[in-house]
Every structure is written in structure tokens, then in C-alpha cells.
Amino acid sequence: MARDYPLEELSHRAFEQLTVALSLKILGDGVEAFGSGPDGGREATFHGRVDWSKTDPEDDGAWDGYVVVQAKQAENPSSDPSVNLRWLRTQVDAELDSWMNNSSRRGQFPRYLIFVTNVRLSSVPGSGVDAINSHIRKRLNESWANDNRNTLKKRGLHDWRVWHRDQLNGWLTGDASIRQAFKGLLTVGDILARLGEFSGVFEPEQFGPVLRAHATRTLTTERWVSFREAGGSHRESVENVFIDLKATTANNDGPDKRDHPAISLVEEIFERSDMVLKPSMLAGSRRHVVVTGQAGSGKSTVTRFLTQAFRAAFAANEDLTPSESEVVDGTAAALKRIGIANPRGKRWPMRVDLAEFADALGPDGGIDLLRWLSDRVSSRAGLDIKPHTLKRWLMHWPCVIIFDGLDEVTAPEVRPRVLDEITQFVEEAERDNADLLVIVTTRPTGYTEQLMPTHFQQFDLAYLDGIEAVEYGRLVTMRRLSDDLDRRDQLIRSFEKQVGVPAMLRLMKTPLQVLIMTIILERVGVLPADRFQLFSRYFDTIYERESAKNTNLAPLLTQQRSLIVNVHEAAGLKLQLQSEHSGDARAVLSMVDLRGLLELRLEELGHGPGLARDRIADQVMQATTERLVLLVPVEDDSVAFEIRSLQELMAARALVSAPDNILRERLIITAPSPHWRNTWVFIAGAIFAGSADHLRELVIDVVESVDHGLDWAGWLCPIGPDIAAALLDDGLAVPTPKWHRRLVGVALRAVAGAVPLDLRGIATGLAASAATDDGLHMLIRNELKLALAGTPRASVTGVFLLVHSRLANEVPQAALRAVEANGDGSVRPAAVGAALRAKLFTLPDASGAESALAPVLAEVDDLLVPAYGSREIGVAGPTRSLPSDGEFVSAVDDPERGALLEILIGALDPEDWRAAYGVAIVYGTAASRRTIGGLLE
């Protein structure tokens, strides 16, 4: 007897996938499926012969022609068949009307239609199934627009079928392979059958509890986000401080497409997770996700919340402890607060801190990813899980693995190994046809490897708008000051007033910035004007709070403030240097090294050796066992900054204290490095916040001239526009218009010179600048408008920047359409190497040039030209690591060979300019990863 399956619990996309799977079963291998999004009224199509007697002995009909299959899923089917009939009739009428409407753009008109629905229809003769068939038969001959010559039948529709709930249940009961692909349809017997796949490793009754134990125990042990920096409770459960973060998807169809609107990242992830993600059912799709976000944008918080939501769904029917139930209920309440439904399926989740994994992996390749994951599961579940056992689980059960913090893995010896492990993990899951969702988070700056671009879709976390900033500020304040209602309400009112000030709103782009603003506002009442002052004021606020406490540490903080501030700055620089070149991914400073920095500073301040100096050093070191303002104790007798941006701030404060000539050198040295970019912006912020005009001029001069130096191929891969855009986005030069305008000028070089890597970042910087001044707004818009009439490269760049800076509606749409009509060739992928080799004959000594440029040509021979602006390299073949340095970079940097390459690229036809962009991405990826800490030291 057929079982009644919960078809309404499938997401809409999963029901569409089920429709396609059943169509393949019934119609045959000629079924063509359509992906998510606008499908022209088709979930699947089929062209050929269908003999219905093969599936239903009572149906002697046969079709031969073009068949369209359409899914009709009711979210809440009624128990009353007559209600279901009315609903389905409305759905069918809407589809038939759309097929008759010439403006619907549905493509080829079907000869046959199949409607697939989850509603139950009455089998009583004359009602239900008979009634819907009678209705469609009548519609076949109805005239359209009062024209008797225009009917569905005369258009070509000959026959139809309605696959209703009872039919679907019967087919699913008889086909375990389809049923088991959809986690929402699994029965207890199916689950035991899947667990039986582990026979010889674990008995089903053993392994099931292991995975459930892992999910339930981590609900409570991995629920926390740290609020110790906030001056309130030392930690908060993530569901209590989570807000819905918006994200935009990188435009991977070329620059001539309109940018996608911001969407809910959580909702997007849930929608993907509710689908069946087996490669066999989503061939060629980018099912996995890379989430990029600036420092403090909430990447780690959102991954913690997502993991908790998946754990709560996985363990929903378990016998939970009160603490576990509290987390499950709190997660459901948080989702209700942000207006998002719970995930429908039961994906088994696991979150990986990539910094922790990188430490275990090491530069020499220690433990591999699967074994590391197995060890983590074993430690939580209380039973030893072998890697091959976990691998089989991943093959047989829908899972989601979240890799958080790729940007925290900066050591050049370790980062490629981490990327290789993730790549291998995903490739093996593809080969095993696993129903797996992988999520990776990182900062956008420096994310040039583009992890498996054919498998991962990139989503960029958007800045908070005013409403979202108020929402988050209110939320964290209510949690921090939950025991002082009067102070809480007063602070919320004050904060909401500040959001109305444009200058303040610029400093509330990320959740971290909003949190810091509430802390400063609470204690000081006056807010800073830029990001450097925001973070510095935060340090001062926390310092003053600690000094005012009635503790043994307070007198030391008061008397030795200069010393302790200097130690923070020195520690920040030391950790920033260490995290760049160390084999350890996590930046921690041993107590021995901290003591060394302290002793050095005491000596610089004139404290000679002796008991007095030792006593001061001992007091400071003793304080670090609990907390020294922003330096907190961590594992292995070490200290660290809990927030990476604070480490970068302190490194900047250490570097900015230097003579002008050394400061210039430091700015030039650090300019190309994504690892140092945030520190670079902090240095500029420190200078613009309070230094003399000649130092501000120094910063701008470096930005304007950095691409003309000898140590970076700025002619190929300019970094000046990227840095200028980062400073514009920061807003540090807004109070100084003459330098602000010059930064805009450098950013606008993107439309005239070589192609910068981070065009989306440039668009963000230009948009921020345009919002501050009407004159600059007009300048930026007009320069981008002029680019539309320029070279192919300039026109495509102009469209891209207009769209992504939200200025596209301010220029003639005909000019945009003209560029779009011409296109940029992105639909015609071309090999970078082939484009370059085709122009070797233009050089005086083609053979000698080919030999001299062999390292460059060999590196790009199998690379396809990327979609402009996406920073993606399409690789002809599965995957291949881009160079970390070596001969390719050396050849480009060599004066003679670099000049030869510049001539060769200059010989490219204007339409082939994107080949140069491909070479620039490879160079920028490799060269920007060179460690520069030794030069700073």
C-alpha cells in the first residue's frame, strides 16, 4: 500500500526537482530539466514518444511530440478535496492563460502538458480527477480574446495529464532511489536502511546516536559569541544577537547585466539547503557558496547561527535537555523575528574554524581534512569515528559543512594547503554524488584564488543601511544592558538620533562598528568622525572603563598608561607580522615574546635594569593572566587580540610613528598586500585624523604614484585605484575636499588604464564618495558616462561601475543598451595563452620573445578569459592552483621580460583586452601573497 508522503514539506525548488525526477522515471532519458529562477513555465520538457500503457495498464494513450511538465505545489493542502480542486483549477487556468498570452515569452508552444501537484483529488466519478480533466478539456476549445480562431487546441495543444498526490505517493513508494534522494520524504525504514550502509563499521543503532549526539551537544557548546570586548556579559548565545544580513551576488554573467538586488543570506542558504544538491540532479550548477565580507561584517556570527539552525532542525525530534531545548526554541524565535522560515530538511551540519584546521595541518601537511573532521566529531560524540566512516556518512546523508575564516589563514606556507584540502574534499564529494552544501567565508580583499569558481557562487555581505544599523544597535544594547533598563532606553534613544546624521551613518556599516558606536556613546556621549578614530576611541573607552574599576589592576593602568598603550601597539605589529609568514594560522603572542616587548619599551623609556623595572614588568605580565585592556590570554600561555581589526589598528599605530621617509617606504611596501590593506587604511586614517598637511599629501602622493614603482607591475595590475577606493569607502578624506577629489581621480583610472582587480570595491568607493558631495557625484557620473563611448574595455568598465555604484539610472539608457548590445565577448570564452601567442609574430624576435616569456605563457596557456569584474579565472580542466610566486612573477617583474610582456599585451586587438585582465589576475594573486614583513622589520 502506498504511503502518504509529506510533499508540502519540500521547498518549492525541491518539489520541482522531484517533478523532474519522476518525469525521468515516467517519460525517459530525454527529459530536459530547467534550473531555479524564471523557467518560462517549465520545470522540464520532453520531445519524443510516450507510451502511457507502460506506466498505467488502464491508459492506452500514446504521445509523440513536445511535452512540457509543470509543478504545482500547494503549501497547505486541504483535507477537503473540493478545496484542492478549486485551488488546482486556478493554477491550471493561470498557466493556460500564460501560454495563450503572446507577451509571456514562453518559447515553443507545447503539444502536450503535464501538471504535477501535491494536492489530493477525489476519485469519485464526476468529481476530483474527472472534474479537473473536464475543465481542461473545455478550456482547450475556448476562444482567446474573443477570437474563435485562437484556441489552445488550434495553437497546437492536443492532450494533457494531471499527476496528483495519490499517483505521486504510489510512484515514490515503489522507487526507493527517488524517495531517498529527498530528505523530507525519508521514512524511519529509509533512515535505518541508510545507516545499514555502515554494516561492518557501526551497527545502525550505534551510528545514528553518534551523529545525533554530535548535533545536540554542539547546540549548547558552540552557541556562544564573545561580548567581552563590549563591556557587558562575557558571552551571548548567538540566536539572541543575530540579525538578518543582506548580501549581493557577484555578477558572473558579465558586466552588461544589471546587478542583483541585495537578498537575505540566511534565506538564500536555507533555499539551497532545502534542495537536493546531488551533482546528478544539478549538473553544472554552482551549488556551493563563498561568503565575503569586510572586517566586522558578521561572517562568523552568521555561520554560527546557520550551523545552529541546521543543528536545531536535525535534532528537532530528539529527547533534548533543557539547555538544548532553550537553544532550539531561541533559534526558532530568532528566525521568526527576522521573518524567515526554519530549514525544512535535516541536513547534518558541521562548522570548521579554518584557523584551527590550518594550525593542525601546518606547512608540512599534517592531518588531512577528513581525519580532522572525524576527530572533531569523535570528541563531541564520545565515540571514535574513523575517516572512512564519516566519508560514507557524507555520501549517504544530506550534509552542510561550513568553513569559516579563510581570510584568517594568511601564512603562504599554509594557505595553499588549506585551499587544496577544501578543493579535494569538494571534488571527492562530487565524485561520490553526495548531497552536500559547502559554505566558505573570507574577506573580499585578497580573495583572488576564486576557490573552484565552477562549483562556488560568491555572495558579498552588504553594508548595513540605517534601518538595519538601528535594529542591530537596539538589539545588542538590550542584551548588554538587560539589567539596567533606564540606561538601556536612554542609550537606544541617543543612538537612534545619531543614525540620522549622514557622517555617523558612514561609520555604522558593519555590526562590529555599530556595537563599538553604542559602547562609545554609552560612556563618552560624543562619537568620532572616521573609522580610525572610531576604533581608537573604542580602545580609549575600554581602557578608561578598566581604569575606573575598583580592582588591583586599576592603579597600574592609570600610572603606566603610556607604557601599556605602547605594548599594545608593539604587540599588534608583532602579531600582524607573525600571521603573515608564520606556519601558524592563528596570531598569538607568547608570554615570553610579550615580556620581551615590554622590557624593550621600558628600556626605551629610560628604565635601567634593576628591581624597579622588574617590578613594573612583573605587574604588567601578571595583569595579562586575566586581561590587559584588549590583550586577552589564550591557549599555550599566550595572548592575542580577540578582534582582528584591533590587531590591525595597533599595527597601524605602531607603523605610523616614524620619520617621513620611513613612513613613505612603509606605505609603498605594504600597498600591494591584501594582508596589510586594512592596516594601510588605518595608517591613512591616523594621518588624516590629526597630522600635518604634508603627511596627508604624502599619503595621496603614494596612492597616485604606487603603480609607477619598480617593485610592482602596476602597468599590468594597478593597485592605486583599489587603495584609493578603500580610502573613499572609509570616508577619511571627506573633510578635506582637495585630497578627496584626488582620490576620486585615482579611482577613476579604472576606466582608462590597466584593469584593477577589485572593480566591485572601486564601485563601492565611488558610490560612497558620490553620496558625500553633489560636485563629486556629477564628476563621477560624467566620467563613467564618457567611458561608454570609449574603447571596448572602457565602455564595459563604465557600465560595470555605473551599475555597481548605483548610478546607472542617471545616464541615458540608450548608451547602456548600446554597450550591452555589442557585448564584451564574455559568452565566448577564449584562452589567455592563445590570445598572447597569436601576437608573438608582432615582436621583432618572435622566437626569442617566446623563450623569454615561457614562464608567463606556460602559466596562462590553460586559463580561460574571466567574466569581467568577477575576478574569476576559468580553468580548462577541473582545478589547478595558481602560482604562489616563482618564475611567473619573476618574469613579469624582470625589467626586460616585463617590458617585452607589456609590448605583447599592447599588441592585442582592442576586443581581446580581457586576456590582459586574465594575466593581471594571475600576477596579482601570486605577487600580492609575497611576505613583506621582513622589509618592514
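Residue numbers count from 1 along this sequence. Just so you know, these numbers come straight off a predicted model, no measurement behind them.
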Is the shortest heavy-atom distance from the side chain of [X] to the side chain of [Y] under 4.5 Å?
{"X": "W680", "Y": "L655", "result": "no"}
{"X": "V438", "Y": "F456", "result": "yes"}
{"X": "L577", "Y": "W676", "result": "yes"}

Salt bridge K509-D730, side-chain N to carboxylate O under 4.0 Å: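 Not counted as a salt bridge, because no side-chain N and carboxylate O are separated by less than 4.0 Å.
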Note: R223-E239 ion pair, threshold 4.0 Å (strictly below):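 Salt bridge flag = yes for E239 with R223.
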From [X] atom [atom1] to [Y] atom [atom2], the distance as rounded to the nearest 0.5 Å:
{"X": "L589", "Y": "R595", "atom1": "CG", "atom2": "CZ", "answer": "13.5 Å"}
{"X": "L935", "Y": "E665", "atom1": "CG", "atom2": "CD", "answer": "9.5 Å"}
{"X": "L306", "Y": "I402", "atom1": "CG", "atom2": "CD1", "answer": "5.0 Å"}

Result of checking R311, Q308, R351, R304 against E222 for side chain to side chain donor-acceptor pair (under 3.5 Å):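 Answer after filtering R311, Q308, R351, R304: R311.
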Distance-only polar pair, side chains of E356 and W372, donor-acceptor under 3.5 Å: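 W372 and E356 do not have a side-chain donor-acceptor pair below 3.5 Å.
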Donor-acceptor side-chain pairing of Q576 and E580 below 3.5 angstrom: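 Checked: Q576/E580 side chains show no N/O donor-acceptor pair below 3.5 Å.
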side-chain contact (heavy atoms from CB on, under 4.5 Å) assessment of I401 paired with H288: CA-CA 10 Å; I401 309 296; H288 305 305; over 6 Å; no
Whether Q458 side chain and T292 backbone form a donor-acceptor pair below 3.5 Å: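 It does not hold such a pair.
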Side-chain (K299) to main-chain (Q294) donor-acceptor, under 3.5 angstrom: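 Here the side-chain-to-backbone pair exists.
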Non-hydrogen atoms of E522 and L481 that approach each other most closely: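 Scanning both residues completely, I find the closest heavy atoms to be OE2-CD2, 3.8 Å.
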